[in-house]
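Note that the numbering runs from 1 along the sequence shown for the chain.
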Amino acid sequence: LFRGEGGVPKEAKVAWSCKLGRWDLLFSFFDFFAREFHWGSEVVSVRVGRRSFSVETLLFDALKGRTEERLHIEDPFQLGRNLHCVLRLENEYALYNKLWEAMQAMSRLEVPTGLAPVETLASGRMAVLS
């Protein structure tokens, strides 16, 4: 288990590349969380590194609130902490709706609300508006 002490573990020293362009990668992110991710039963866990469900007791027994029908995000350092604790339920609904709206906009080849208008995403000049 990586605890931030010492050097980077050999398991973390991996090379990878993404064959998707920026537009497709961003669309895939919005599409996954809007349509594929099982809100309320799946857990976002960088520690596990694969799709996992909150009922997997060997992985998430310590995760607080894992039986609630809410977004589950495991804190990678405090395994019992479910980061949904910083969102109120209505904000979870708002987050989901914004992910859905962004996915819908991109499926129509429109730039999602909140992203700066750009001439081309291939230029790499996409920026989030403040």
Side-chain angles (χ1 to χ4, degrees):
L1 182 63
F2 179 65
R3 299 190 188 284
E5 301 161 357
V8 176
K10 68 178 183 200
E11 295 84 4
K13 294 180 183 178
V14 295
W16 66 277
S17 65
C18 181
K19 293 177 174 64
L20 296 175
R22 289 179 182 95
W23 180 273
D24 292 329
L25 184 61
L26 186 59
F27 174 78
S28 295
F29 173 84
F30 291 137
D31 186 58
F32 175 77
F33 282 104
R35 297 195 309 171
E36 293 182 40
F37 183 75
H38 297 274
W39 288 66
S41 58
E42 225 172 324
V43 179
V44 176
S45 172
V46 296
R47 173 183 64 95
V48 174
R50 65 170 169 79
R51 293 185 74 173
S52 305
F53 290 87
S54 61
V55 295
E56 296 180 54
T57 54
L58 290 177
L59 294 174
F60 303 115
D61 191 43
L63 187 63
K64 291 184 175 120
R66 69 187 179 94
T67 59
E68 297 175 32
E69 287 287 320
R70 295 195 57 191
L71 174 63
H72 302 297
I73 305 172
E74 178 190 56
D75 185 308
F77 298 102
Q78 298 175 357
L79 302 184
R81 186 168 187 229
N82 194 330
L83 296 177
H84 75 207
C85 69
V86 298
L87 289 174
R88 293 191 313 264
L89 191 55
E90 61 269 18
N91 290 335
E92 284 183 37
Y93 293 136
L95 174 61
Y96 175 80
N97 287 331
K98 293 301 180 184
L99 290 166
W100 180 265
E101 289 171 11
M103 182 272 300
Q104 290 289 309
M106 291 187 80
S107 68
R108 295 186 304 268
L109 301 178
E110 298 171 0
V111 176
T113 302
L115 295 182
V118 292
E119 288 107 33
T120 174
L121 290 175
S123 71
R125 288 184 273 145
M126 184 171 56
V128 177
L129 293 175
S130 55

Report yes if some heavy atom in the side chain of [X] is under 4.5 Å from a heavy atom in the side chain of [Y]; otherwise report no.
{"X": "Arg66", "Y": "Asp61", "answer": "yes"}
{"X": "Leu71", "Y": "Tyr96", "answer": "no"}
{"X": "Arg47", "Y": "Phe60", "answer": "yes"}
{"X": "Met106", "Y": "Phe29", "answer": "no"}

Distance, nearest 0.5 Å, that separates [atom1] of [X] from [atom2] of [Y]:
{"X": "Gln78", "Y": "Leu83", "atom1": "CD", "atom2": "CG", "result": "8.5 Å"}
{"X": "Trp39", "Y": "Glu92", "atom1": "CH2", "atom2": "CD", "result": "6.5 Å"}
{"X": "His72", "Y": "Phe53", "atom1": "NE2", "atom2": "CZ", "result": "11.0 Å"}
{"X": "Leu63", "Y": "His84", "atom1": "CG", "atom2": "NE2", "result": "7.5 Å"}
{"X": "Asp24", "Y": "Asp31", "atom1": "CG", "atom2": "CG", "result": "11.0 Å"}
{"X": "Arg70", "Y": "Cys85", "atom1": "CZ", "atom2": "SG", "result": "8.5 Å"}

### Query
Between the side chain of Asn82 and the main-chain N/O of Glu74, is any donor-acceptor distance below 3.5 Å?
no
Q | Side-chain donor or acceptor of Glu36 paired with backbone N/O of Phe32 under 3.5 Å | A | no
Which heavy atom of [X] sits nearest to which heavy atom of [Y], and what is that distance?
{"X": "Leu109", "Y": "Trp23", "answer": "CA-CZ2, 3.8 Å"}
{"X": "Leu79", "Y": "Pro76", "answer": "CD2-O, 3.7 Å"}
{"X": "Ser54", "Y": "Gly40", "answer": "OG-O, 4.4 Å"}

Item checked: Chi angles and distances behind the side-chain contact (heavy atoms from CB on, under 4.5 Å) call for Arg81, Val86 -> CA-CA 10 Å; Arg81 186 168 187 229; Val86 298; 3.8 Å; yes
(message) Please determine whether side-chain contact (heavy atoms from CB on, under 4.5 Å) holds for the pair Val44 and Phe37, giving the CA-CA distance in whole Å, both sets of side-chain angles, and the decisive distance to 0.1 Å.
(response) CA-CA 9 Å; Val44 176; Phe37 183 75; 3.8 Å; yes
Derivation and outcome, side-chain contact (heavy atoms from CB on, under 4.5 Å), residues Leu59 and Val43: CA-CA 10 Å; Leu59 294 174; Val43 179; over 6 Å; no
Residues at least two apart in sequence or cross-chain that pass ring-ring contact (aromatic ring centres under 6.0 Å, His included) with Tyr93, listed by chain then number, are none
